[in-house]
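Because only heavy atoms are used, hydrogens play no part in the values below, and waters and symmetry mates are left out as well, while side chains stay in. Every value quoted in this text rests on a predicted model; they were computed, and no experiment measured them. Quick note on labels: first sequence line is chain A, next is B, and so on, each numbered from 1.
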Number of protein chains: 2
Amino acid sequence: MVDHLIKHINSITPLSAEEESIVVELVREKTLVRKQFLHRAGEIAQYSAFVVEGCLRSYAVDRNGFEHILQFAPANWWISDMYSFVKSQPSELNIDALLETKVLLLSRSCQVSIFDRIPKLERYFRILTENALAASNLRTINYLSLPAKVRYEKFCTMYPTLINTISQKSVASYIGITPEFLSKLRGEY
Amino acid sequence: MVDHLIKHINSITPLSAEEESIVVELVREKTLVRKQFLHRAGEIAQYSAFVVEGCLRSYAVDRNGFEHILQFAPANWWISDMYSFVKSQPSELNIDALLETKVLLLSRSCQVSIFDRIPKLERYFRILTENALAASNLRTINYLSLPAKVRYEKFCTMYPTLINTISQKSVASYIGITPEFLSKLRGEY
DNA sequence: AAGTTTTATTAATCTATATTAAGAATGGTG
DNA sequence: CACCATTCTTAATATAGATTAATAAAACTT
């Protein structure tokens, strides 16, 4: 299972055999069943998770009980509550599994120590975080400047695989509209 | 002027005197007058800018000519078009000055070489990028789950200094509503 | 300081999207 | 396979926020 992660790291910052074995030591495997939580709002995020197989999501629940999805994490993506993980503050996000999912967990303390032992990993995570920020910025701009229908179309072209994995309800939650309205938009074709 | 940057870096990852002098060598000072562009949509972002004094903003212009502000950068903030800077792709963002502003510019090529010469700076930028991502995620959640009035109130408490620096029009553009509607909301108090 | 441009306010009207509700289709679970 | 959950669809109604327009107030520029 760890080889998926090693392969991913090597695609960005190639590691020596020795460095690889350090990584192998520091991560922990875990399998989540559908709907199982990896992290709950109110707790301090201890882990960042690399998805080997399946799909996780992070989401907030508003005062009316509605869920708002911040991120989907299919295979080969990292997911965490970045705010909580970085600030060691309890936060508002939940992370759970949309379907049976295998992950590798890296604790915050391990991550910090791993950066000193393998500086290349600091680069790896810097690059991933830069990419995530660029993607997040694009999403913000889309949200500010495009109507729901166009946001939906963009979502479909950006994440063609996800469309077939997740429910429409989840897509609606991600693009910021109600499932009823998404259903209406889809009916217009 | 560079000492502002050095001080900022030292607050996150303390540098040796020698490392400091490398930083000093690699950045370039620039002063922008009000409304002067640092970066225009369509170009590939060459620089990341550290604001010493004044305030910049990044924004996209939609098909109807409306501006949508992605980021404000007051003193001690970095700003760039992360997408364009990282992918070396032309992007949709403009960056200009809201008032006379002094910046330090770091080119992408310098940044890459600086990481090899001063690994601490890779950490510095990793941490800044993590913080920016955490803030961006919070903004996304707010946008998905809160009505305009609450987003405005949160903006006021999160950026009390900015409120007195920038126009209401800019605030409206950042929180994703029209200036007319913001004016109406403010009238309700 | 006058003149010009930009920003802010107010109010009437309009629209994209939400809400509510009810039935149909799907899908996970025993 | 059958049952219960959840998801999807459709339609009527409601509303947050946009648009338009006109005037007032600031804020640059010369």
Side-chain angles (χ1 to χ4, degrees), chain A residues 31-36 54-55 57 59 61-69 72 94 96-101 142-156 162-189, chain B residues 32-37 54-55 57 59 61-69 72 94 96-101 142-156 162-189:
Chain A
T31 299
L32 301 165
V33 301
R34 205 174 105 86
K35 297 196 177 181
Q36 188 179 346
C55 191
R57 62 167 182 162
Y59 64 99
V61 180
D62 69 25
R63 46 190 83 170
N64 304 313
F66 290 104
E67 297 174 354
H68 303 278
I69 297 179
F72 296 107
N94 297 284
D96 68 9
L98 290 173
L99 45 112
E100 177 154 324
T101 300
N142 285 341
Y143 209 99
L144 292 176
S145 62
L146 301 174
K149 187 162 187 173
V150 180
R151 296 204 303 278
Y152 174 63
E153 287 160 357
K154 284 213 170 194
F155 184 92
C156 292
L162 270 181
I163 284 290
N164 305 311
T165 312
I166 68 185
S167 65
Q168 264 173 236
K169 194 191 170 199
S170 291
V171 176
S173 169
Y174 184 91
I175 64 178
I177 59 176
T178 59
E180 293 85 352
F181 188 57
L182 178 54
S183 184
K184 191 178 176 188
L185 290 180
R186 285 166 45 83
E188 285 172 17
Y189 293 103
Chain B
L32 300 164
V33 300
R34 209 175 104 85
K35 296 199 177 178
Q36 189 179 344
F37 282 88
C55 191
R57 63 166 183 165
Y59 64 99
V61 180
D62 70 23
R63 45 190 83 169
N64 304 313
F66 289 103
E67 297 175 356
H68 303 278
I69 296 180
F72 296 107
N94 298 283
D96 67 11
L98 290 173
L99 45 113
E100 176 155 324
T101 300
N142 285 344
Y143 210 100
L144 293 175
S145 63
L146 301 175
K149 186 163 189 174
V150 181
R151 296 203 303 278
Y152 173 64
E153 287 160 357
K154 286 214 168 194
F155 184 91
C156 292
L162 271 182
I163 285 289
N164 304 312
T165 313
I166 68 185
S167 64
Q168 262 174 236
K169 193 189 171 199
S170 291
V171 175
S173 168
Y174 184 91
I175 66 177
I177 59 176
T178 58
E180 292 86 353
F181 189 57
L182 177 54
S183 184
K184 190 178 176 188
L185 290 180
R186 284 166 46 84
E188 285 172 18
Y189 292 103

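No side-chain heavy atom of B/Ile69 sits under 4.5 Å from any side-chain heavy atom of B/Lys169. At least one side-chain heavy atom of A/Leu182 sits less than 4.5 Å from a side-chain heavy atom of A/Val171. With contacts defined as side-chain heavy-atom distances shorter than 4.5 Å, the pair B/Phe155/B/Asn142 does not qualify.
Shown here are the side chain to side chain donor-acceptor pair (under 3.5 Å) partners of A/Ser167, two or more places apart in sequence or in another chain: A/Ser170. The side-chain contact (heavy atoms from CB on, under 4.5 Å) check on A/Asn94 picks up A/Phe37, A/Arg40, A/Ala41, A/Tyr59, A/Val61, with sequence neighbours excluded. Checked against side-chain contact (heavy atoms from CB on, under 4.5 Å), A/Ala148 has the following partners two or more places apart in sequence or in another chain: A/Arg151, A/Ile177, A/Phe181, A/Leu185. The side chain to side chain donor-acceptor pair (under 3.5 Å) test applied to B/Gln168 returns B/Arg186, not counting sequence neighbours. Under the ring-ring contact (aromatic ring centres under 6.0 Å, His included) criterion, A/Phe72 pairs with A/Tyr174, not counting sequence neighbours. B/Glu180 is linked by a side-chain contact (heavy atoms from CB on, under 4.5 Å) to B/Thr178, counting only residues two or more places apart in sequence or in another chain. A/Asn164 meets the side-chain contact (heavy atoms from CB on, under 4.5 Å) test with no other residue; sequence neighbours excluded. When the salt bridge (charged side-chain N to carboxylate O under 4.0 Å, His left out) test is applied to B/Glu100, no partner is found at least two apart in sequence or on another chain.
For the segment residues 162-174 of chain B, the set of residues with a heavy atom within less than 4.0 Å of an atom of DNA chain D is empty.
Pairing each heavy atom of A/Cys156 with each of A/Ile163, the nearest pair is SG-CD1, 3.7 Å.
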I need a per-nucleotide contact map over nucleotides 13-30 of chain D, read 5' to 3'. Cutoff is protein heavy atoms under 4.0 Å; write B for the base, S for backbone only, - otherwise. ----BSBBB---------

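Bounding nucleotides for the chain A contact on DNA chain C, 5' to 3', at a heavy-atom distance below 4.0 Å, are C/dT17 to C/dG28.
In D/dA24 the base sits anti relative to the sugar, since the glycosidic angle is further than 90° from 0.
Distance alone, capped at 3.5 Å, is enough to place a donor-acceptor pair between the B/Asp62 side chain and the B/Asn64 backbone.
Terminal axes of the helix from C/dA1-D/dT30 to C/dA25-D/dT6 (five pairs each, C1' rotation axis) are separated by 70°, to the nearest 10°.
C/dT29 is paired with D/dA2 under the Watson-Crick or G-U wobble criterion, all donor-acceptor distances under 3.5 Å.
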